[in-house]
Amino acid sequence: MINIPKGTKDVLPEQSYKWQYLEDAARSVAAAFGLKEIRTPVFEHTELFLRGVGETTDVVTKEMYTFEDKGGRSITLKPEGTAGVARSFIENGLANSPMPLKSYYLTPCYRYERPQAGRLREFHQFGIEVYGSAQPETDAEVIFAASSFLNKLGIKGARLEINSIGCKSCRAEYNRALKEYFRPHLDGMCANCRDRFDKNPLRIIDCKEEACRKITAGAPKILDYLCPDCRAHFESVKGYLSALGVEYTVNPDIVRGLDYYTRTVFEFVSTAIGAQGTVCGGGRYDGLIAELGGGNVPAVGFAAGLERLLLLMDNTGVEFPAPPVPRVYVAGMDEPTRKKAFGIVNGLRVKGISAECDHMARSVKAQFKYADKIGAEYVAVIGGNELESGSCTLKRMRDGQTFDMPFADIYEFLKNNI
RNA sequence: GCGGGCGUAGCUCAAUCGGUAGAGCGCCAGAUUGUGGCUCUGGAGGUAGCAAGUUCGAAACUUGUCGCCCGCCCCA
């Protein structure tokens, strides 16, 4: 027996309607916000993620699915969606399209991690990317789009937390301040953070180790080190959010684990799905396009984890719309009547009505049971009498009411009886 | 990469002290000749994750291994 690879999940026929619901919601929100879909490959050159996501990040150093292809190229399955979109933006000269360029994606992503609640090795993201605008209202719009998406899904238990981690220049100053603060405490901190001290002191803020958290509590806050421009930008973003009635809390400890973020960062978090509470995360990444060899193009975006959203919805009792059912089941009895039922059903299908008939050589009674199980709205039986008269009775399963009509009228009847 | 928990039917789970495997749900068929849900009857379905070991005897005890789940880390 060969089983599914660790950290992956099958979406079975009985569950797939939930995924379709999520995806439909994503597409409809995207459409309303003027975002167009962009599809990029599932794998890219490894180099793209090294430069885009950041060589010191955990994602890059220990979580990527990297392999050499038969041509000797180093290839990596995308661990996130942004780098590929940025690459495509540059490669296709999209900087020459009318700005801002507003795009979204639905894609699987791959990270080699130990699976747990809300964390898989293959997972799916809905993300949006807006290129070209450095305006604070764009940040607010992106956050509002995320919020609208969650609302559309009926998700209530996700709290919005925002922060600003500044631009290159204020971050440099902040890093200096952090080092100054942490240096005398280094001995009491975890090995990980001692390592971060040199490579990326900002990341220490994010540490969950008890000892480190105590020390971090007194550390300087990035918000106190923002340059005037970044400060004004952050204030403006908050102002636009308030204008839209979006509730948020400023959490100065949000750092984000991907190196490309600048200025605004945000997360929608929930406590209802276990330890992996971030259901949607994003922010601004003004330096990414330049980092990847493109021009100086600012950008904002977010990514939402579809598995986590599904978990959250299931755990908080959010109702999914019922999956579609066959409008009608047509039963036959013997060779000629089964053939007639088969013809009627397929004729309806061609006209866009979902219809079903027997495939198991079952008795009429068993066909009824089956029709009931699959939720058919109406059932018709074609026997000798019906074949002769050219008409039949549709039985409405919900209440048992019956409707007589010629075969030829079934389509009209179903079309009008929603 | 590190910790903890758990592996018995498709699913959820039982089985006293070690005595040779069960229930509910689901699936299939039937309960007078052409009609669902409720009920009743019957049926199919198990290499007890796998492999060693202890024992007259292992689903149960021991070890190893694989898998899953949860947490750390990280992140969506």
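Every chain is numbered from 1, with letters handed out A, B, ... down the list of sequences. On a predicted model such as this, the values are computed, not experimentally measured, just so you know. Below, all heavy atoms of this structure are taken into account, side chains as well, without hydrogens, waters or symmetry copies.
Minimum atom distance to the side chain of A:R308 is reached by B:rC75, of the listed B:rG36, B:rG30, B:rC75. Nearest to the side-chain atoms of A:Y261 among the listed nucleotides B:rG36, B:rA76, B:rC72 stands B:rA76. Of the listed nucleotides (B:rC70, B:rG30, B:rG34), B:rG34 has the atom at the smallest distance from the side chain of A:M333. If you check B:rU35, B:rG71, B:rG37 against the side chain of A:F368, the one that comes closest is B:rU35. Of the candidate nucleotides B:rA76, B:rG36, B:rG34, B:rA76 has the atom lying nearest to any side-chain atom of A:F123. Closest to the A:Q116 side chain, of the nucleotides B:rA31, B:rC72, B:rU35, is B:rC72. The side chain of A:T278 sits closest to B:rA76 out of B:rG3, B:rA29, B:rA76. Listed nucleotides B:rG34, B:rC27, B:rG3 differ in distance to A:K373; the shortest reach to its side chain belongs to B:rC27.
Phosphate proximity of B:rC69 to A:K9: present, with a side-chain N or O under 4.0 Å from OP1 or OP2. Using a 4.0 Å cut-off, no side-chain N or O of A:K62 falls inside it from OP1 or OP2 of B:rC73. Contact check, A:Q367 against B:rG36: no side-chain N or O comes under 4.0 Å of OP1 or OP2. In this model, the phosphate group of B:rG34 is not approached by any side-chain N or O of A:K365 to a distance below 4.0 Å at OP1 or OP2.
B:rU12 and B:rG18 are spaced 28 Å apart, taking the P atom of each and rounding to whole Å. Distance noted for atom P between B:rU65 and B:rG4: 14 Å (whole Å). Taking atom P in both B:rG1 and B:rA59, one finds a spacing of 34 Å when rounded to whole Å. Nucleotides B:rC25 and B:rC61 are separated by 33 Å at their C1' atoms, to the nearest Å.
Judged by distance alone with a 3.5 Å cut-off, no donor-acceptor contact links the side chain of A:N3 to the base of B:rG67. For A:R119 and B:rC73, a side-chain-to-base donor-acceptor distance below 3.5 Å is present, hydrogens and geometry of angles not being considered. A:R398 contributes no side-chain N or O that forms a donor-acceptor pair with the base of B:rG37 under 3.5 Å. Under 3.5 Å, the side chain of A:K395 and the base of B:rG36 form at least one donor-acceptor pair of N or O atoms. Looking at A:E386, its side chain comes within 3.5 Å of the base of B:rG34 through a donor and an acceptor atom.
Look at A:R27 and A:E23 and you find no salt bridge, because none of the NZ, NE, NH1 or NH2 atoms lies under 4.0 Å from a carboxylate O. With respect to A:R39 and A:E37, a salt bridge is recorded, a charged nitrogen being found less than 4.0 Å from a carboxylate O. At a threshold of 4.0 Å, the pair A:R176-A:E180 does not count as salt-bridged, since none of the basic side-chain nitrogens sits closer than that to a carboxylate oxygen.
Heavy atoms of A:G81 sit nowhere under 4.0 angstrom from any nucleic acid atom. Among the protein residues, A:G127 comes within range of no part of the nucleic acid, since none of its heavy atoms lies under 4.0 Å from any strand. As judged by a 4.0 angstrom heavy-atom cut-off over every strand, A:V279 is placed among residues touching the sugar-phosphate backbone only. Counting any heavy atom pair closer than 4.0 Å across all strands shown, A:L310 reaches no nucleic acid atom. As judged by a 4.0 angstrom heavy-atom cut-off over every strand, A:A371 is placed among residues making no nucleic acid contact.
One atom, CD of A:E14, and another, P of B:rG26, lie 14 Å apart when rounded to the nearest Å. In this structure, the OH atom of A:Y370 is 17 Å from the P atom of B:rG36, given to the nearest Å.
A donor-acceptor pair shorter than 3.5 Å can be found between the side chains of A:T337 and A:D334.
Two rings, from A:Y105 and A:F126, have their centers 6.0 Å or more apart. A:Y181 and A:H185 have their aromatic ring centers within a separation under 6.0 angstrom. Taking the six-membered ring wherever Trp is involved, the centroid distance between the rings of A:F197 and A:F182 does not fall below 6.0 Å.
In this structure B:rG71 sits in a base pair with B:rC2, meeting the Watson-Crick or G-U test at under 3.5 Å. Nucleotide B:rU65 forms a pair with B:rG49, judged by Watson-Crick or G-U wobble geometry with both contacts under 3.5 Å.
Between A:I4 and A:R121, the residue anchored nearer the 5' end of RNA chain B, judged by the nucleotide with its closest heavy atom, is A:I4.
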